[in-house]
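Notes follow the structure.
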Amino acid sequence: MYSVFVVDDEPIVLDGIRSKIDWESSGFTFAGEATDGEIALSMLHELKPDILITDIKMPFMDGLQLAAAVKRIQPWIKIIILSGHDEFDYAKKAISIGIEDYLLKPFTPDELLSSLNKTAVQIDKERKQLSDISRLKEELKSSEVLKKKEFLSNLVHGSADMADVMQKSQELGLNLIARFYKVLVSRIKSRSGNQQNQQESCSLLNSYSASWDNAVCFFHHSNLLVCIFRGSSRDELDESIFHVAETIAHIATKNDDCAVLTAIGKTVEHLSQLSVSYEDAKRILSLGEKEDGNRIISSDDLELSASSHSDDNSEILDFKENDPLVDRLKYAGKNDIAAIIEESMELIRNNPGQFSVFASYILVDLIFSVSKLVEKFGGNIKELNPEILQRKFIDEAVQNESGFRQKIEQVLLFALEYRDSKMTGKYGDVILKAKNYIESHYADQNTTLSTVAEAVALSPNHFSTIFSQECKTTFIEYLTNVRIENAKRLIRETDMKGYDIAYECGFSDPHYFSYIFKKNTGMSPREYKLGGR
């Protein structure tokens, strides 16, 4: 199935495209619509459709401007231009941008479906070419690519000769001049261990990465994509890097078997410091070694503040610095608990006859690490879980293997649950502020990802990533749900007409409101009113 997004400032055109195509049986899905380019651009950021159909003449941002912006930031999207102007200049500009087709109004549903089918064939052809593993291997063996990879690898590993970095980068056609830098590392992994799937996803990424603004990329090993980002400001840098991080996840996971863990290193101000950002990203990746979901983790977002106060008389433990277990627990999942327990048991088995001694050592060491983790998140282990600090807890744990396993699992579960409550809470104020803003402004048709991101003082890309990972749903899905729930309330409690409810809940077109309402509830607004609820 290919998802289709439509932009036109004429409601009758939007209604015709939405209602006169049999989306269910055509092989396409209707992803959404907008009445101007600015709103569309914000929605396209999250929806990431395969095909964009856009009118060429619209207020605020016209179809050509929208097409140019989309081709720059989401190059895989295929574009079909609609126009009532049979003028060569429009066609010439559209062709130069790289659109797939050009339809003159008025057009029939069959003509549009024919254009969609032709575009779908082009999508399949391009995906096959871009994911061609043999092509990737040949490209990676080319002299120019090898030189660039060696140069960039030396740069991020801190082994480049900084005296002639600029000269070499110019010789290789690389623009590395900027005020700020960050390194992103994405690990692409097949969940089933299917190397073919993994390599095809890497090949797709390799093909698209050359078009990303403000970044130079290379593959380190077969499945680690390394990208060096540059920006004139920290905000610009964050905006571009979070956009690409989401794009990487979208492209690589077109194959459902593949998962992507993306780590973003800290911001640095000099090329000579790139290795600091790179090592920061690699550390995050290594600690999430067993992560098999799709996630974007930024070093900046993981800056944990220590407890705001400390009472010297209440110090529980003399904490170690740079504790590897603390670092591991920061990113471990509950599925890692069994592995940690087994590693502990292996140490005990290697020292037969000394179970209680080594079990005590391991459990005490774990409690030290958990205490340190809790402290890093601003907590006090003595207040949160005093039981595990008691000598009785240790003594009961080391009586036998079964008891030891149970106690160590108890400590680990406490650590991970406390960590998760704080990790979720790190952006709790941002999420709460965003949801309050949506609740107050859902009726405004101009409420978009960009306007809400501005309200919480984050870039749209950064906010989108945080919102989806914290709330387990995309911003568009959440906003739509708020609008639908308020529509249901108005249908139940008032005698308002359907079109008034549509406008009251932020929908620009009553027909689109009916379409979305039925898509989300399984019934039309009228059926809901008559008691289908």
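- Panel note: side chain Ser277, backbone Val268; no donor-acceptor pair is recorded below 3.5 Å.
- Put simply, OG on Ser468 and CZ on Phe463 are 9.5 Å apart, with the number rounded to the nearest 0.5 Å.
- Between Glu485 and Arg492, no side-chain nitrogen of the basic residue sits less than 4.0 Å from a carboxylate oxygen of the acidic one, so the salt-bridge criterion is not met.
- Ser42 places a side-chain N or O within 3.5 Å of a backbone atom of Leu449 that can act as its donor or acceptor partner.
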For side-chain contact (heavy atoms from CB on, under 4.5 Å), just list the numbers for Ile297 and Thr262, CA-CA rounded to whole Å, side-chain angles, deciding distance to a tenth of an Å, and then say yes or no. CA-CA 6 Å; Ile297 305 174; Thr262 293; over 6 Å; no
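- Judged purely by atom type and a 3.5 angstrom limit, Ser299 has no side-chain atom pairing as donor or acceptor with the backbone of Gly265.
- Sequence neighbours left out, the pairs with a member in residues 118-127 that pass salt bridge (charged side-chain N to carboxylate O under 4.0 Å, His left out) are Asp50-Arg127, Lys78-Glu126, Asp101-Lys118.
- Under the 4.5 Å side-chain criterion, counting only non-hydrogen atoms from C-beta, His250 is in contact with Trp76.
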Stepwise side-chain hydrogen bond (donor to acceptor under 3.5 Å, both in side chains) check, Asn214 with Ser240: CA-CA 8 Å; Asn214 301 323; Ser240 59; 4.7 Å; no
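- Nearest heavy atoms, Asp36 versus Glu38: OD1-N, 2.9 Å.
- Inter-residue side-chain proximity for Leu113 and Phe28 is flagged as met; some heavy-atom pair is nearer than 4.5 Å.
- Relative orientation of the Phe467 and Tyr478 rings is perpendicular, given thresholds of 30° and 60° on the angle between their planes.
- Contact annotation: the side chain of Phe30 approaches that of Tyr512 to within less than 4.5 Å [non-hydrogen atoms, C-beta and beyond].
- Residues Met43 and Thr448 are not in side-chain contact: their nearest non-hydrogen atoms beyond the backbone lie 4.5 Å or more apart.
- For the pair Leu155 and Tyr278, the minimum side-chain heavy-atom distance is 4.5 Å or more.
- Among the candidates Arg483, Lys488, Arg489, the single residue satisfying the side-chain hydrogen bond (donor to acceptor under 3.5 Å, both in side chains) test with Asn486 is Arg489.
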Would you be so kind as to tabulate the donor-acceptor pairs closer than 3.5 Å made by side chains of residues 216-233, with sequence neighbours excluded?
{"from": "Asn223", "atom 1": "ND2", "to": "Ile188", "atom 2": "O", "distance (Å)": "2.8"}
{"from": "Arg230", "atom 1": "NE", "to": "Asn175", "atom 2": "O", "distance (Å)": "3.2"}
{"from": "Arg230", "atom 1": "NH1", "to": "Asn175", "atom 2": "O", "distance (Å)": "3.1"}
{"from": "Ser232", "atom 1": "OG", "to": "Glu236", "atom 2": "OE1", "distance (Å)": "2.3"}
{"from": "Ser233", "atom 1": "OG", "to": "Glu236", "atom 2": "N", "distance (Å)": "3.1"}

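- Each of Ser459, Ser464, Pro460 was scored for a side chain to side chain contact (heavy atoms under 4.5 Å, CB included) with His462, with one residue passing: Ser459.
- Salt-bridge check for Lys57 with Glu10: failed, with every basic side-chain N at 4.0 Å or more from each acidic carboxylate O.
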What verdict does the side-chain contact (heavy atoms from CB on, under 4.5 Å) test give for His243 and Gln74, after you've listed the backbone C-alpha separation in whole Å, the side-chain angles of each residue and the deciding distance to 0.1 Å? CA-CA 10 Å; His243 169 71; Gln74 294 174 296; 4.2 Å; yes
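- Looking at Val13 and Asp55, their side chains never come closer than 4.5 Å, going by heavy atoms from C-beta outward.
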For Leu41 and Val70, what are the C-alpha separation, side-chain angles and deciding distance, and is it a side-chain contact (heavy atoms from CB on, under 4.5 Å)? CA-CA 8 Å; Leu41 201 57; Val70 167; 4.1 Å; yes
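- For the side-chain hydrogen bond (donor to acceptor under 3.5 Å, both in side chains) criterion with Asp22, the lone passing option out of Ser25, Ser19, Ser26 is Ser25.
- Among pairs with a residue in residues 499-516, those fulfilling salt bridge (charged side-chain N to carboxylate O under 4.0 Å, His left out) read Arg18-Asp509, at least two apart in sequence or across chains.
- Thr447 places a side-chain N or O within donor-acceptor distance of the main-chain N or O of His441, the cut-off being under 3.5 Å.
- A donor-acceptor pair under 3.5 Å is absent between the side-chain atoms of Lys20 and the main chain of Asp110, judged by distance alone.
- Atom-to-atom distance recorded for Gln273:CD and Thr267:OG1 is 11.0 Å, nearest 0.5 angstrom.
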CA sep, side-chain torsions, deciding dist, call: Leu44, Leu66, side-chain contact (heavy atoms from CB on, under 4.5 Å): CA-CA 10 Å; Leu44 289 168; Leu66 175 61; 4.2 Å; yes
